[in-house]
S.K.: 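Take a look at the following structure, please.
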Amino acid sequence: MTPTPLRLHDSLRNQKVPFEPLEPGKVGMYVCGPTTYAPAHIGHAFSAIAFDTIRRGLMFLGYQVKFVRNVTDVDDKIIKRASEQGEDPMVMAARFTAEYNRDMARFNVLPADLEPKVSGHIPQIIAIIERLIANGKAYESAGDVYYAVATFPAYGKLSGQDIAELRDGASKRVDAQDTRKREPADFALWKAAKPGEPSWDSPWCKGRPGWHIECSAMTVTHLGATFDIHGGGKDLIFPHHENEIAQSQGADGEGTFARYWLHNGFLNFDGVKMSKSLGNVFNCGEIADVVGGEALRFFCVQHHYQSSVEFETEPIKDAAGETTGVIFRSLEAADRRLNYFYETLQRIDDKVAAAGGDPGSGAVLAEIESLVADSRAALADNFNTPIVVAAMEKVASTANRLIDQPKGLDKLLVLRTLIRCARDLRTIGAAVGVFTSKPPSYLAERRARLVKKFGIDVAAVDRLILERATARKDKDFARADVIRGELEAMRVKMIDSPTGTTWRVDEPS
RNA sequence: GGAGCCAUCGCCAAGUGGUAAGGCAGUGGUCUGCAAAACCACCAUCCCCAGUUCAAAUCUGGGUGGCUCCUCCA
């Protein structure tokens, strides 16, 4: 299959450009992963989902993707946190790494093809530092090794920063340790370890790598000196990605390293940045428990990966006015829409099963035929997933119409069209990471989640529904409506149909 | 102080030179014992001002408002 040509927004050129992989049909992609010193929060998920969507999009468009996402398991923050908790840093990092991967799986983030760790790449890191020293780009100072920013003229190109300005900015923050640097903007490639800290032998001192160098070492190890796509959060542009470029090109020469830079936008909470001081940092586990992992995934897919996104929350307060929790309005809305799609898929499956299955090949209604092609075009235009969602909305509403009001249409045509709707919705859903569950399983999980959340007594609901059915049979509609009122007070809404009464839990919107 | 991003219907959100996707909410309708769900219909000229152009939400300049980075914060 010939891959579909695509255009993507390259941060370095700051514009949408045609994507031309090094090797036709193949994509080598590297994304900055987590530093594992704490449970993953929703920002980590947001970035991981963005690049998982891009990866899936590339695969859907016909590219063979090698997806590398690193784990920073050696880092000052890890050492600090582990020391505070009296835990071994490497053990703690391994624990949070496993937790990170479990969390991301709940958002339908596929495992990376490779998940390199700093601790497993010390020789490669030392090798690249040695190359940098040999090239005159780095210098040793009291056991530490620093990158000499002044030796790399292109420094600042990615972030649009002027190196003179950076010097001014950095010089305001000089502290005692910085006297080891030639100039404040220089950054550490290797730093000496204190007793008890994780450390490795090196030509300079027993120590550990600086933060930035790991990515340069891992990309060249696993993707080669030059590769296709490098991704990460917008906040990493400076200094992290700027430093990566300086390191890799300093070691391997001009024109090497990432050929396209992709950066995902940030999550804003009610207009402000997420930060611990504002108390709006939410862990992935909490989010997935409260609204379901796929709801966050769907929410992300409803937005463009590059845009910053508004995220509406509302504190839950007890009688005394104390905050006891938080309501994720945006995610609840996304989950309701996701529920609509799953219910639609369920209805199609039921209808098809009732009709005796697939009637074989033949024409389908033209209005649903373009979903796959339209989605392909949208994804090929810088991974425009909101357009994909809009196209899926159209197919879902058509499917529902065919189920409810198939009047005047050939039965086999309707059946074939419905089968095609379901098949294409699942195909396109998978291309962006949604609708991956079986509808009964999603619907059951959602109900269980909401039943638990609102403390609904399922046995009582079933009893009341039976009572109401009896009342309706007796034409005692007054009684039936009283029962409905009682159920609605429990947040239970009934859906009457020719085959009986089902119910759903409704969140206040 | 330096760099950059953004401003589209009540809310969320695509579109970045050719005459405003989609969702939520709202209104009217079909269906229903009544509802709900589902479906159908209606629902914005794009922050302000000035330019460029046959044509601008989309380009340029100015203004206003918001956000981010320059602090190993995704």
Side-chain angles (χ1 to χ4, degrees), chain A residues 11 14-16 31-35 37 40-51 72 75-77 156 159-162 164-166 168-170 172-173 185 187-188 210-212 231-240 242-243 263-268 271-276 281 299 302-304 306-312 329-330 332-334 336-337 339-340 343-344 347 374 378 381 384-394 396-405 472 475-478 480-481 484-485 487-488 492-497 501-504 506 509:
Chain A
S11 305
N14 197 26
Q15 61 180 334
K16 242 191 249 183
V31 176
C32 291
T35 300
Y37 69 102
H41 59 64
I42 186 172
H44 295 107
F46 203 65
S47 184
I49 291 169
F51 288 103
T72 303
D75 177 86
D76 291 353
K77 281 180 298 199
S159 56
Q161 303 277 349
D162 181 71
E165 292 294 342
L166 288 170
D168 289 350
K172 291 173 189 162
R173 290 189 304 275
F187 55 92
W211 175 38
H212 314 291
K234 265 184 178 146
D235 64 326
L236 294 180
I237 291 174
F238 190 89
H240 185 55
E242 199 72 75
N243 291 353
H263 290 99
N264 70 283
F266 264 34
L267 216 43
N268 277 341
V272 296
K273 185 187 171 172
M274 176 171 69
S275 74
K276 282 179 185 157
V281 174
F299 176 81
Q302 285 176 310
H303 300 72
H304 188 87
Q306 237 181 297
S307 308
S308 63
V309 166
E310 280 303 319
F311 194 92
E312 196 188 342
R329 289 292 181 213
S330 305
E332 287 179 353
R336 277 193 292 273
R337 212 54 203 159
N339 180 67
Y340 164 83
E343 284 191 342
T344 301
R347 299 185 75 201
D374 289 350
D381 182 18
N384 196 331
T385 56
I387 298 288
V388 173
V389 174
M392 293 196 297
E393 289 282 354
K394 185 181 164 192
S397 66
T398 301
N400 278 309
R401 192 177 74 241
L402 292 178
I403 291 169
D404 288 332
Q405 297 145 24
R472 289 178 74 207
K475 304 279 186 211
D476 183 358
F477 296 120
D481 290 347
R484 185 168 61 215
L487 284 166
E488 281 178 357
V492 171
K493 282 200 176 164
M494 287 172 295
I495 300 149
D496 294 331
S497 80
T501 298
T502 57
W503 58 278
R504 60 192 288 171
D506 247 27
S509 58

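All heavy atoms count here, side chains included; hydrogens, waters and symmetry mates do not. Proteins come first, then strands; the chains are lettered A, B, ... in the order of their sequence lines, and each starts at number 1.
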S.K.: Is the aromatic ring of A:F266 within stacking range of B:rA74, meaning centres under 5.5 angstrom and planes under 30 degrees?
M.R.: yes

S.K.: Assign A:N14 to base, sugar-phosphate, or nothing according to its heavy-atom contacts below 4.0 angstrom with the strands shown.
M.R.: sugar-phosphate

S.K.: Tell which nucleotide pairs with B:rC34, taking only Watson-Crick or G-U wobble pairs whose two distances are both under 3.5 angstrom.
M.R.: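 B:rC34 is paired with nothing.
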
S.K.: Starting at atom CD of A:E312, determine the distance to atom P of B:rC12, rounded to an integer number of angstrom.
M.R.: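 Interatomic distance, CD of A:E312 to P of B:rC12: 8 Å.
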
S.K.: Please tell me which of the listed nucleotides, B:rA74, B:rA3, B:rC72, lies nearest to the side chain of A:Y37?
M.R.: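 Closest of the options to the side chain of A:Y37: B:rA74.
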
S.K.: With both distances under 3.5 angstrom, what nucleotide forms a Watson-Crick or G-U wobble pair with B:rG18?
M.R.: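 The answer is B:rC54, by the H-bond criterion.
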
S.K.: Scan A:V388, A:N384, A:V389 and name whichever one has a side-chain contact (heavy atoms from CB on, under 4.5 Å) with A:P386.
M.R.: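 That would be A:N384.
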
S.K.: Distance from A:M392 atom CE to A:D374 atom CG, nearest 0.5 Å?
M.R.: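 If we round to the nearest 0.5 Å, A:M392:CE and A:D374:CG are 12.5 Å apart.
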
S.K.: Which one is paired to B:rC5, where only Watson-Crick or G-U wobble pairs with both distances under 3.5 angstrom count?
M.R.: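 B:rC5 is paired with B:rG66.
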
S.K.: Tabulate atom names and distances for all N/O pairs under 3.5 angstrom spanning the protein and nucleotides 33-39 of chain B.
M.R.:
residue : atom : partner : partner atom : Å
B:rG33  : O6   : A:R472  : NE           : 3.4
B:rG33  : N1   : A:D481  : OD1          : 3.0
B:rG33  : N2   : A:D481  : OD1          : 3.3
B:rG33  : N2   : A:D481  : OD2          : 2.6
B:rC34  : O2   : A:R484  : NH1          : 3.0
B:rC34  : O2   : A:R484  : NH2          : 2.3
B:rC34  : N3   : A:R484  : NH1          : 2.8
B:rC34  : N4   : A:D496  : OD2          : 3.2
B:rA35  : N1   : A:D496  : N            : 3.3
B:rA35  : N1   : A:D496  : OD2          : 3.3
B:rA38  : O3'  : A:N400  : ND2          : 3.4
B:rA38  : O2'  : A:D404  : OD2          : 2.6
B:rC39  : OP1  : A:Y340  : OH           : 2.4
B:rC39  : O2'  : A:Q405  : OE1          : 3.3

S.K.: Could you check whether A:I403 gets within reach of a base, just the sugar-phosphate, or nothing at all, counting any heavy atom under 4.0 Å?
M.R.: nothing

S.K.: Please state how far atom CZ in A:F299 lies from atom C1' in B:rA13, giving the value in whole angstrom units.
M.R.: 10 Å

S.K.: Is the backbone of A:K394 close enough, under 3.5 Å, to the side chain of A:S397 for a donor and an acceptor to pair up by distance?
M.R.: yes

S.K.: Whole-Å distance between B:rC67 C1' and A:Q306 CD?
M.R.: 16 Å

S.K.: Pick the nucleotide of RNA chain B nearest each of A:G33 and A:A333; which residue has the one closer to the 5' end?
M.R.: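 Upstream on the strand: A:A333.
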
S.K.: Starting at NZ of A:K234 and ending at C1' of B:rA3, how long is that distance when rounded to a whole Å?
M.R.: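 Nearest whole value for this atom pair: 14 Å.
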
S.K.: So which atom in A:Y340 and which in A:E393 form the shortest heavy-atom distance, rounded to 0.1 Å?
M.R.: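 For A:Y340 and A:E393, the tightest heavy-atom pair comes out as CE2-OE1, 3.9 Å.
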
S.K.: Anything under 3.5 Å between a protein N or O and an N or O of nucleotides 14-18 of chain B, put it in a table, one pair a line.
M.R.:
residue : atom : partner : partner atom : Å
B:rA14  : OP1  : A:H304  : N            : 3.0
B:rA14  : OP1  : A:S307  : OG           : 3.0
B:rA14  : O3'  : A:N384  : ND2          : 3.1
B:rA14  : O2'  : A:N384  : ND2          : 3.4
B:rG15  : OP1  : A:N384  : ND2          : 3.2

S.K.: Parallel, tilted or perpendicular for A:H212 and A:H240, by the 30°/60° rule?
M.R.: tilted

S.K.: In whole Å, what separates the P atom of B:rC9 from that of B:rU52?
M.R.: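 28 Å, rounded to whole Å.
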
S.K.: Give me the distance, rounded to whole Å, that separates B:rA7 from B:rC12 when you measure between the C1' atoms they each carry.
M.R.: 15 Å

S.K.: With a 4.0 Å cut-off on heavy atoms, is A:G43 in touch with a base, just the backbone sugar-phosphate, or nothing at all?
M.R.: base

S.K.: For A:H303, check side chain to side chain donor-acceptor pair (under 3.5 Å) against everything at least two apart and list the hits.
M.R.: none

S.K.: Please report the distance separating the P of B:rA38 from the corresponding atom of B:rC5, rounded so that it comes out in whole Å.
M.R.: 41 Å

S.K.: Please give the distance between the C1' atoms of B:rG15 and B:rA56 as a whole number of Å.
M.R.: 13 Å

S.K.: Please state the P separation for the pair B:rC67 and B:rC24 - nearest whole angstrom.
M.R.: 30 Å

S.K.: Using Watson-Crick or G-U wobble geometry with both distances under 3.5 Å, which nucleotide pairs with B:rU45?
M.R.: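 With both distances under 3.5 Å required, B:rU45 matches none.
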
S.K.: What is the distance from CZ of A:F238 to C1' of B:rA3, rounded to the nearest Å?
M.R.: 10 Å

